[in-house]
Amino acid sequence: MAVLLWLLILSAFHAVALAQQRQFNITLGSSLTPTTNSSWFSPSRRFAFGFYEQTNGYAVGIYIVGMPNKTAVWTANRNSPVVPSNTVLHLTNDGRLIVKVGNQEISVINPSRAIASASLMDTGNFVLYDSDRNVIWQSFDNPTNTLLPGQHLSAGQELFSSASEADDSFGFFRLIMQVDGYLVQYPANTPYTAPYAYYESHISGVGNNVSLNLADDGLLYLLNSNNSLKNLTRGGYRRERTIIYMMKIDADGIFRVYSHSLNQQNSSVIWSSTDDRCDPKGLCGLNGFCTNIDAQAKCMCLPGFDFVMPGNWRAGCERSFPTETCRLKENTSKYYDMRTVENTVWEDSTYVVLGGTTKEDCEQACLQDCNCEAALFKDRECRKQKLPLRYGRRDLGNSNLTLVKVGINFIHNEGVPNQTVEETKGKKLRIDILIASITLALFALLVLGISGFLIHRIHVWTCRKIQESRSVQLCEDVAPRAFSYAELEQATSGFKEALGRGAFGTVFKGILAEGQKVIAVKRLDKELVEGETEFQTEIKIIGKTHHRNLVRLLGYCLEGSRRLLVYAYMTNGSLADVLFKPEKQPTWEERCGFARDIARGLLYLHDECETQIIHCDIKPQNILMDDQFCAKISDFGMAKLLKKDQTRTYTGIRGTRGYVAPEWHRNMPVTVKADVYSFGVVLLELICRRKCVDMSLDENEAILEYWVYNCFDAGEIDKLVGDEEVDRRQFERMVKISIWCIQEEPSLRPSMKKVLLMLEGTVEIPMPPSPSFLSSI
Ligand SMILES: *[C@@H]1O[C@H](CO)[C@@H](O)[C@H](O)[C@H]1NC(C)=O
Ligand SMILES: *[C@@H]1O[C@H](CO)[C@@H](O)[C@H](O)[C@H]1NC(C)=O
Ligand SMILES: *[C@@H]1O[C@H](CO)[C@@H](O)[C@H](O)[C@H]1NC(C)=O
Ligand SMILES: *[C@@H]1O[C@H](CO)[C@@H](O)[C@H](O)[C@H]1NC(C)=O
Ligand SMILES: *[C@@H]1O[C@H](CO)[C@@H](O)[C@H](O)[C@H]1NC(C)=O
Ligand SMILES: *[C@@H]1O[C@H](CO)[C@@H](O)[C@H](O)[C@H]1NC(C)=O
Ligand SMILES: *[C@@H]1O[C@H](CO)[C@@H](O)[C@H](O)[C@H]1NC(C)=O
Ligand SMILES: *[C@@H]1O[C@H](CO)[C@@H](O)[C@H](O)[C@H]1NC(C)=O
Ligand SMILES: *[C@@H]1O[C@H](CO)[C@@H](O)[C@H](O)[C@H]1NC(C)=O
Ligand SMILES: *[C@@H]1O[C@H](CO)[C@@H](O)[C@H](O)[C@H]1NC(C)=O
């Protein structure tokens with residue numbers, strides 16, 4: 001009896017021990033390396049947490065075990081996911097989960113409290129516990145691009161696609177469960193507004209707590225607090241331990257439900273959000289359009305355009321012919337001709353609509369307007385466009401015509417087939433494309449060589465490059481990269497060549513060993529936001545801003561108290577260098593071009609990027625010039641990197657009226673309109689070719705704002721022109737725009753959108769009131 005009891009106790013004990021083993025407790029002090037002991041497994045070894053291979057290294061994440069290619073369902077540190085093979089992942093004794101690369105420690109997951117243990121569940125959920133065994137973090141609450149059965153995407157959460165099949169860093173598409181109950185897909189880096197959406201679940205009025213759920217039979221459904229609202233998949237698929245269903249937003253922007261068979265080691269798609277691979281907006285970069293050939297997406301360039309980076313569609317297309325400087329109201333038909341692309345749809349960014357036209361009228365209208373770079377024609381309506389064109393796709397059911405202005409030399413001299421893309425049917429198309437693209441590629445090389453030479457020779461000041469540099473790597477397209485301090489120290493040869501000092505630190509010139517790319521490294525010395533996480537959040541926001549009139553943030557370094565930012569190097573200095581140097585002053589047209597560039601950059605920061613960014617420090621020193629003399633705004637987002645209480649003081653200390661909006665000096669909220677004010681001052685400087693405060697001048701001319709308004713008010717703007725030959729009407733317009741911008745009352749200042757329209761000459765400019773600064777001195 002006693003023996004029996006003993007046996008019972010023993011077996012009970014054994015069962016408990018087994019259960020504990022199955023619980024799979026990852027204890028403090030455990031570690032993993034990519035080459036040996038690469039993973040921690042879930043109890044039944046369906047899932048593993050640890051290192052998995054990527055193109056150029058290893059990522060840390062959760063993957064399905066036993067699939068031929070490790071199929072990741074969650075990835076850590078998607079900003080910079082790959083680490084080399086000598087990395088070690090530690091669950092440290094003081095409760096942090098980190099990877100160690102050399103001497104650098106990067107946190108993998110950063111929960112609010114110290115970790116006491118971790119486990120990977122059989123569901124694929126990786127859970128971190130504190131010492132009271134409370135869950136402090138779990139991967140199911142922090143999805144990356146995949147949902148597993150039992151996991152849900154709750155209101156406000158989003159999934160981001162990976163950059164490519166073999167690179168799980170942030171990609172170009174996202175799927176968000178909006179708080180208004182809609183499940184919507186957008187390209188990354190666009191506002192959450194309807195014009196950018198390319199998928200939405202058609203349900204509305206269902207409350208603010210809708211979630212997307214996946215069940216273990218492959219049923220993908222939307223649920224609110226009350227009930228199941230909509231089933232996206234049919235569900236009812238085989239439930240077996242050896243089959244794992246998952247929903248994933250793929251690198252191509254489409255989300256699909258997969259079934260993975262562990263026994264057969266294969267997978268199949270059981271449902272996808274669309275069958276049309278051209279649906280995701282922005283699959284093809286700027287000036288390219290997507291076309292479905294044999295159910296595969298293919299990108300093509302507009303006629304006269306060529307891929308910026310062959311093999312990388314996302315980089316878009318650029319002109320393969322030289323362009324002329326735009327002179328207002330010039331008949332450009334001696335340089336350009338119009339080409340037609342049929343059945344294509346684009347984002348509508350029309351700046352002028354002409355009604356009741358024929359196709360020929362539309363072509364002529366575009367040729368006679370130097371600002372017009374393309375036109376969309378449909379139903380006797382001609383919509384003039386500026387490049388770049390975005391979100392292009394072929395839609396055979398659509399009769400819109402795209403008319404593109406193409407350099408005349410391109411068409412006649414080289415005998416390039418003018419029919420590159422007009423053909424739409426049959427096999428002929430594909431052969432045409434092949435021939436055309438080979439010819440185009442050869443021709444583009446030739447044009448590139450010649451135009452590179454010409455650009456150097458004649459010193460073109462206009463802005464026409466789409467991409468900053470042909471050598472930009474794909475990874476730089478995605479997010480800023482983390483650099484080590486040592487790397488940057490080496491790139492700048494020990495911070496030797498200082499380019500200048502700004503409000504936040506010193507800028508050094510450097511060269512990256514890989515690719516010999518020239519960079520500008522800003523070593524920050526102001527006190528910045530405390531935590532690493534906040535710094536990284538801000539960096540992420542800044543890194544997501546891509547615009548040709550903004551200086552690109554390529555990377556950053558965050559080591560202890562060291563904070564550095566890495567930017568693309570701008571060869572031609574700042575607007576201050578260009579504008580205030582008496583030797584070679586830019587012409588009136590060039591200055592108008594700079595004004596439009598700056599306005600476009602600001603408009604993007606204010607209205608078009610994901611998080612609104614107020615620059616707070618617009619001045620000529622912060623406008624940089626690239627090798628094409630395209631003006632690019634730098635230092636944006638810096639206000640956010642400063643400690644909160646410093647944002648006010650750092651501009652306040654300047655004292656002089658300068659570029660700073662009056663609300664900074666009062667206790668008024670600072671909005672985007674503060675940037676409009678500073679822009680107005682820079683515009684005055686561009687108009688008058690002098691600094692805003694110049695005490696060496698006569699007393700009533702010393703402060704530019706007062707002088708300009710006084711001259712304008714007295715009807716004597718000729719005084720401002722000096723000895724320069726300018727279009728007087730245009731000059732007056734520019735003066736009026738700047739007076740609108742420097743209004744004392746923020747609400748009277750126009751938005752940047754309005755400013756740009758006024759600069760482009762497409763809207764009338766009313767008579768500005770007195771800025772009324774005279775009363776407030
Ligand atoms: C898991 O590990 C933690 C700390 O190492 C320990 O406190 C806890 O009791 C363990 N849990 C189980 C179920 O083994
Ligand atoms: C790695 O795994 C082997 C067995 O596969 C084991 O003997 C060894 O102790 C492990 N090393 C570490 C550091 O866990
Ligand atoms: C695994 O990856 C290789 C190369 O990356 C690819 O060719 C192959 O199709 C992949 N296999 C599966 C099952 O996805
Ligand atoms: C849930 O049901 C309750 C009662 O049936 C109803 O009042 C409420 O509006 C519903 N909520 C939503 C979000 O549909
Ligand atoms: C939201 O819905 C989830 C189920 O989908 C439910 O558990 C939760 O309590 C709801 N929250 C609110 C505030 O209604
Ligand atoms: C979705 O499918 C489930 C199970 O098949 C069913 O119970 C539910 O009523 C369906 N919901 C809708 C909205 O059709
Ligand atoms: C795997 O392959 C087998 C045959 O090769 C097929 O019957 C099965 O449907 C496949 N499973 C999946 C999930 O694709
Ligand atoms: C523009 O120039 C072309 C050829 O040079 C000519 O045919 C056309 O009439 C001109 N248009 C205008 C409005 O001057
Ligand atoms: C093209 O045509 C469609 C309707 O067929 C229309 O909705 C769209 O606005 C047109 N324009 C552009 C820019 O695609
Ligand atoms: C383009 O091709 C069409 C038809 O092949 C031809 O009629 C036209 O003259 C060509 N245009 C130019 C500018 O070569």
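Residue numbers start at 1 and run along the sequence shown. Start at 1 and go down the list; that is how both ligands and their atoms are numbered.
Under a cutoff of 6.0 Å and an axis angle of 45°, Arg174 and Tyr192 form a cation-pi pair.
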Subject >> Steps toward side chain to side chain contact (heavy atoms under 4.5 Å, CB included) verdict (Lys248, Val73) >> reply: CA-CA 8 Å; Lys248 178 175 178 194; Val73 295; over 6 Å; no
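Separation of the Phe160 and Phe170 ring centroids falls under the 6.0 Å cut-off.
At a 3.5 angstrom cut-off on N or O pairs, Asn231 counts as close to ligand 6.
For atom 9 (O) of ligand 6, the closest non-hydrogen atom on the protein side is Ser228 OG, 4.7 Å. Closest to atom 13 (C) of ligand 6, if we only count protein heavy atoms, is Leu229 O, 3.5 Å. Protein heavy atom nearest atom 4 (C) of ligand 6, with residue, atom name and distance: Leu219 CD2, 4.1 Å.
There is no protein heavy atom closer than 4.0 angstrom to atom 7 (O) of ligand 6.
Contact between Arg390 and Trp346 at its shortest, heavy atoms only, is O-CE3, 3.5 Å.
Here Arg241 pairs with Asp122 in a salt bridge; the nearest charged N to carboxylate O distance falls below 4.0 Å.
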